[in-house]
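The model shown is predicted, which means the values in this text are computed figures rather than measured ones. Per chain, numbering begins at 1; letters A, B, ... match sequence-line order.
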Amino acid sequence: KQEVTQIPAALSVPEGENLVLNCSFTDSAIYNLQWFRQDPGKGLTSLLLIQSSQREQTSGRLNASLDKSSGRSTLYIAASQPGDSATYLCAVSLSGGSNYKLTFGKGTLLTVNP
Amino acid sequence: DTGVSQDPRHKITKRGQNVTFRCDPISEHNRLYWYRQTLGQGPEFLTYFQNEAQLEKSRLLSDRFSAERPKGSFSTLEIQRTEQGDSAMYLCASTPRAGSELETQYFGPGTRLLVL
């Protein structure tokens, strides 16, 4: 059974700081890995999707890396802003017939202080 | 707004009552998913539709839960004889087509259920 762990559970940083969120998964036979953002009481917004054959993806100030063999991914946020405050969720799908089914971590609650 | 929509956004009910939630996916998305998220946890997969066919149900979906997508467009999730443990956010997501590593799931705002 795939298990996804996110560290740290919560992180508080001053505005402008660069930061890294970590995600690990137990089964390396993944189809893809996604990072989502969730604001309090709201749904999820997809930030980045990394295919199993890729090593990283970038979007603006966000960069996500994937090391499938070690079962790890990181989300790097550059020059953090108060508007980045949210919960960040990592999710993986397994290769094979159920590649549509996402397994999520519990998330990292990020607070960026002005 | 052309995103995934869910109705209602909030529902408070008494234990033992039945509730029904609706999800309208993005137009022409043929895959639809339901997830449940409890406080402090990530979403957990419940069920998946491709067009009108329900292709997988998680063991989390007990006999009290039923989901339908009768015309391959909107979907409903019904919970019968609600229990306090059913209190959660119910999230719906959709994707445009099968078989692409590039597809991402587009999530709705969720329905927050509180069972008293």
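- With 3.5 Å as the limit, one finds no donor-acceptor pair spanning the side chains of A:Q57 and A:N63.
- Of all the listed residues (B:G110, B:P43, B:A93), the one sharing the greatest number of non-hydrogen pairs under 4.5 Å with chain A is B:P43.
- Both the backbone and the side chain of A:L44 come within contact range of chain B, with heavy atoms under 4.5 Å apart.
- Annotation: cation-pi pair B:R31/B:Y48 absent, no NZ/CZ under 6.0 Å from the ring centroid and within 45° of its normal.
- Contact count versus chain B (heavy atoms, under 4.5 Å) is highest, among A:C90, A:G43, A:A91, for A:G43.
- Of all the listed residues (B:P109, B:C92, B:S58), the one sharing the greatest number of non-hydrogen pairs under 4.5 Å with chain A is B:P109.
- A side-chain donor-acceptor contact under 3.5 Å links A:S65 and A:T74.
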Quiz prompt | Test side chain to side chain contact (heavy atoms under 4.5 Å, CB included) applied to B:W34 and B:C23, step by step | solution = CA-CA 9 Å; B:W34 285 98; B:C23 170; 3.5 Å; yes
Quiz item: Step by step, would you call A:D27 with A:K1 a salt bridge (charged side-chain N to carboxylate O under 4.0 Å, His left out)?
Solution: CA-CA 8 Å; A:D27 188 338; A:K1 178 189 172 188; over 6 Å; no
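- Proximity to chain A is limited to the side chain of B:Y35, based on heavy atoms less than 4.5 angstrom apart.
- Taking the six-membered ring for Trp and the full ring otherwise, A:F36 and B:F107 have centroids separated by under 6.0 Å.
- Contact detail for A:S80 and A:V13: the closest heavy-atom pair is OG-CG2, 3.9 Å.
- Annotation for A:S46 and B:T104: closest pair OG-OG1, 3.1 Å, computed over non-hydrogen atoms.
- Residues B:A88 and B:R36 approach most closely at CB-CG, 3.5 Å, considering heavy atoms.
- When each of B:E44, B:R112, B:E56, B:Q37 is checked for heavy-atom pairs under 4.5 Å with chain A, B:E56 comes out on top.
- Residues of residues 102-114 of chain A lying under 4.5 angstrom from chain B, judged on non-hydrogen atoms, are A:L102, A:F104, A:G105, A:K106 in numerical order.
- Using a 4.5 Å cut-off between heavy atoms, A:Q6 makes no contact with chain B at all.
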